[in-house]
Amino acid sequence: MQSLHINGYKIKVCLCDDGYWKHDTVFIYNNSKCIAEKEIHVIMDYLYDEGFIRDRRTKYYVAEKEK
């Protein structure tokens, strides 16, 4: 699992050991009241472009700020 910060959001990337991208998950911890769909796509594109995820269609969850 990798943790990083993108555009002010804490991100955790969980890659499955079997190498199949549909088993991977991205957690986006939201510090504000709402996060725009466009901002989510920017984050997912960045993760893909930089090699953190294997596919742009990787599932993601927006969660409240991590405690």
Side-chain angles (χ1 to χ4, degrees):
M1 178 172 15
Q2 295 178 316
S3 294
L4 54 149
H5 289 273
I6 302 171
N7 296 343
Y9 297 99
K10 183 173 182 179
I11 310 294
K12 283 192 180 179
V13 178
C14 301
L15 300 178
C16 190
D17 292 334
D18 67 5
Y20 187 45
W21 68 269
K22 284 191 174 186
H23 297 158
D24 301 340
T25 307
V26 173
F27 295 94
I28 303 169
Y29 293 96
N30 187 9
N31 297 330
S32 61
K33 295 207 181 230
C34 65
I35 181 171
E37 204 60 38
K38 183 178 179 179
E39 186 71 19
I40 293 170
H41 290 297
V42 167
I43 291 169
M44 296 301 285
D45 283 342
Y46 174 81
L47 292 173
Y48 178 75
D49 291 343
E50 295 300 319
F52 291 104
I53 58 176
R54 298 169 235 209
D55 195 285
R56 283 186 172 92
R57 298 169 291 174
T58 300
K59 68 181 173 277
Y60 63 86
Y61 294 102
V62 178
E64 290 184 24
K65 182 177 179 179
E66 185 180 38
K67 297 177 183 180

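When reading the values below, keep in mind they use all heavy atoms of this one structure, side chains included, and skip hydrogens, waters and symmetry mates.
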Note to self: Under the criterion side-chain contact (heavy atoms from CB on, under 4.5 Å), I'd like the reasoning laid out for D24 against I53: C-alpha separation, chi angles, the key distance, then a yes or no.
What the structure shows: CA-CA 8 Å; D24 301 340; I53 58 176; 5.7 Å; no

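In this structure, Y9 is a member of the same hydrophobic cluster as Y46, with clusters built from ILVMFWY side-chain heavy atoms closer than 4.5 Å. Following chains of ILVMFWY side-chain contacts shorter than 4.5 Å, one can reach Y48 starting from V62, so the two form part of one hydrophobic cluster. A chain of hydrophobic side-chain contacts below 4.5 Å, direct or via other Ile, Leu, Val, Met, Phe, Trp or Tyr residues, connects Y60 to I43. Linking Ile, Leu, Val, Met, Phe, Trp and Tyr residues whenever their side-chain heavy atoms come within less than 4.5 Å leaves Y29 and I35 in two separate clusters.
Relative ring orientation between Y20 and H23 is described as perpendicular, the plane-to-plane angle rising above 60° on a 0-90° scale split at 30° and 60°.
Taking all atoms of both residues into account, the shortest heavy-atom contact from R54 to L15 is NH2-CB, 3.2 Å.
Between L4 and L47 the shortest side-chain heavy-atom distance falls below 4.5 Å. Residues V26 and I11 are in side-chain contact: their nearest non-hydrogen atoms beyond the backbone lie under 4.5 Å apart.
Interatomic distance, SG of C14 versus OH of Y61, reported as 11.0 Å (0.5 Å rounding). A distance of 10.5 Å separates OG1 in T58 from NZ in K22, rounded to the nearest 0.5 Å.
Atom CZ of F52 is surrounded by more than 12 heavy atoms from other residues, nucleotides or ligands within 6.0 Å. Within a 6.0 Å sphere centred on NZ of K59, heavy atoms belonging to other residues, nucleotides or ligands number more than 12.
For the pair D49 and R56, the salt-bridge criterion is met [side-chain N within less than 4.0 Å of a carboxylate O].
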